[in-house]
Amino acid sequence: MRIATWNVNSINARIDRVHAWLSANDCDVLCLQELKCATDDVPVESLRELGYEVAAHGTGRWNGVAIISRVGLDDVQRNLPRQPTFKDEIEPRAIAATCGPLRIWSVYVPNGRDVDDPHYRYKLDFLQTLGEVVVDDERPFAITGDMNVCPTDDDVWDRSEWKGTTHVSEPERAALADITGHGLTDIIPRALKHGKPFTFWDYRNLDFPKNRGLRIDLILANEALRTAVTDVYVDRNERKGKGASDHAPVVAEVNV
DNA sequence: ATGCCCTATGATATAGGA
């Protein structure tokens, strides 16, 4: 079984690429983030014609998450239990489903914007709440998605360029460690090039050609899933060319 | 060649991204 997580930065802007990627990559379960459209505006027909079921959760303009699967899509759950609000809204940032043997979450953690911004407190609250979804179970389980946190300094292209910013601060890393403390492992992908498995490169300043990247798209797997993983990699080819998302898919081969 | 920001919106600037 092949699973993947991919922040597509608008599903409508990216649908041709997503369609082509699915056609070429034999993927069973794909978790998407940043749909940037309402649930009813997701181009589901393009995905269904490839044999996938779609569970989406979006309200338009920003955020939005989905799970698409060709191995079953049951018990869909939208939002975290007790998910924190921002400006009194519960934003569409989390969705879960059971896909065959696997229980999986697709989440888009708030950016935080700046360590002094209220959005940062919201981010920490969201991360704290996210740990509560972990179930103590024999069944393969994963939280995947754009965590907007670099787990270690190895996950930043240049630590000195990211001093005092979000994504690398100790409280964010501690909050992420609290999640993995529930029995999950950050499955670190192998790098296909340049030694570091970054998953995001800003569109600006030639960041991708210069490999100024971050590893923020993660697969957090429980023991049953972790031991079944036979390979994990970043599909950095998908970041190339015109019309790419600023994130690349993270792909895991799982023997379940 | 991996190449000099992108997306959505009661839009013609602005917010958000990380």
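Chain naming here is simple, since letters A, B, ... match the order of the sequence lines and numbering starts at 1 in each.
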What is the nucleic acid contact for [X], judged by heavy atoms within less than 4.0 Å: base, sugar-phosphate only, or nothing?
X: A:Asn7; result: sugar-phosphate
X: A:Asp202; result: nothing
X: A:Asp146; result: sugar-phosphate
X: A:Tyr108; result: sugar-phosphate
X: A:Ser10; result: sugar-phosphate
X: A:Arg212; result: nothing
X: A:Gly241; result: sugar-phosphate

For the pair [X] and [Y], find out whether any cationic side-chain nitrogen is under 4.0 Å from an anionic carboxylate oxygen.
X: A:Arg93; Y: A:Glu91; value: yes
X: A:Arg70; Y: A:Asp28; value: yes
X: A:Arg48; Y: A:Glu53; value: no
X: A:Asp186; Y: A:Arg215; value: yes

task: Select from A:Leu214 and A:Gly60 the residue whose nearest nucleotide in DNA chain B is closer to the 5' end of that strand.
output: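 Nearest nucleotide further toward 5': that of A:Gly60.
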- prompt: Starting at the 5' end of DNA chain B, which residue's closest nucleotide do you reach first, A:Ala244 or A:Trp62?
  reply: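 Taking each residue's closest nucleotide, the earlier one in sequence belongs to A:Ala244.
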query: To the side chain of A:Arg61, which of B:dG17, B:dA15, B:dT2 is closest?
result: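 Given the options B:dG17, B:dA15, B:dT2, the side chain of A:Arg61 is closest to B:dA15.
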message: Using atom C1' in both nucleotides, what's the gap between B:dG10 and B:dC6 to the nearest angstrom?
response: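 Straight-line distance between the two C1' atoms is 22 Å.
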task: Provide the distance between the two C1' atoms, one in B:dC4 and one in B:dA8, to the nearest whole Å.
output: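 Straight-line distance between the two C1' atoms is 23 Å.
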Rounded off to whole Å, could you give me the [atom1]-to-[atom2] distance for the [X] and [N] pair?
X: A:His167; N: B:dG17; atom1: NE2; atom2: P; result: 9 Å
X: A:Asp246; N: B:dG16; atom1: CG; atom2: P; result: 17 Å
X: A:Lys242; N: B:dC4; atom1: NZ; atom2: C1'; result: 14 Å
X: A:Asn9; N: B:dC5; atom1: CG; atom2: P; result: 15 Å
X: A:His247; N: B:dT7; atom1: NE2; atom2: P; result: 13 Å
X: A:Gln33; N: B:dT7; atom1: CD; atom2: P; result: 17 Å

query: Quick one: is A:Arg204 getting a side-chain N or O under 4.0 Å of the B:dC6 phosphate, OP1 or OP2?
result: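 It does not, given that no N or O in the side chain of A:Arg204 lies less than 4.0 Å from OP1 or OP2 of B:dC6.
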task: Compare side-chain N and O positions of A:Arg113 against OP1 and OP2 of B:dA15 and report whether any pair is under 4.0 Å apart.
output: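 The answer is no; no side-chain N or O of A:Arg113 sits under 4.0 Å from OP1 or OP2.
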message: Tell me whether the rings of A:His119 and A:Phe86 are parallel (<30°), tilted (30 to 60°) or perpendicular (>60°).
response: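 Geometry flag for A:Phe86 against A:His119: perpendicular rings.
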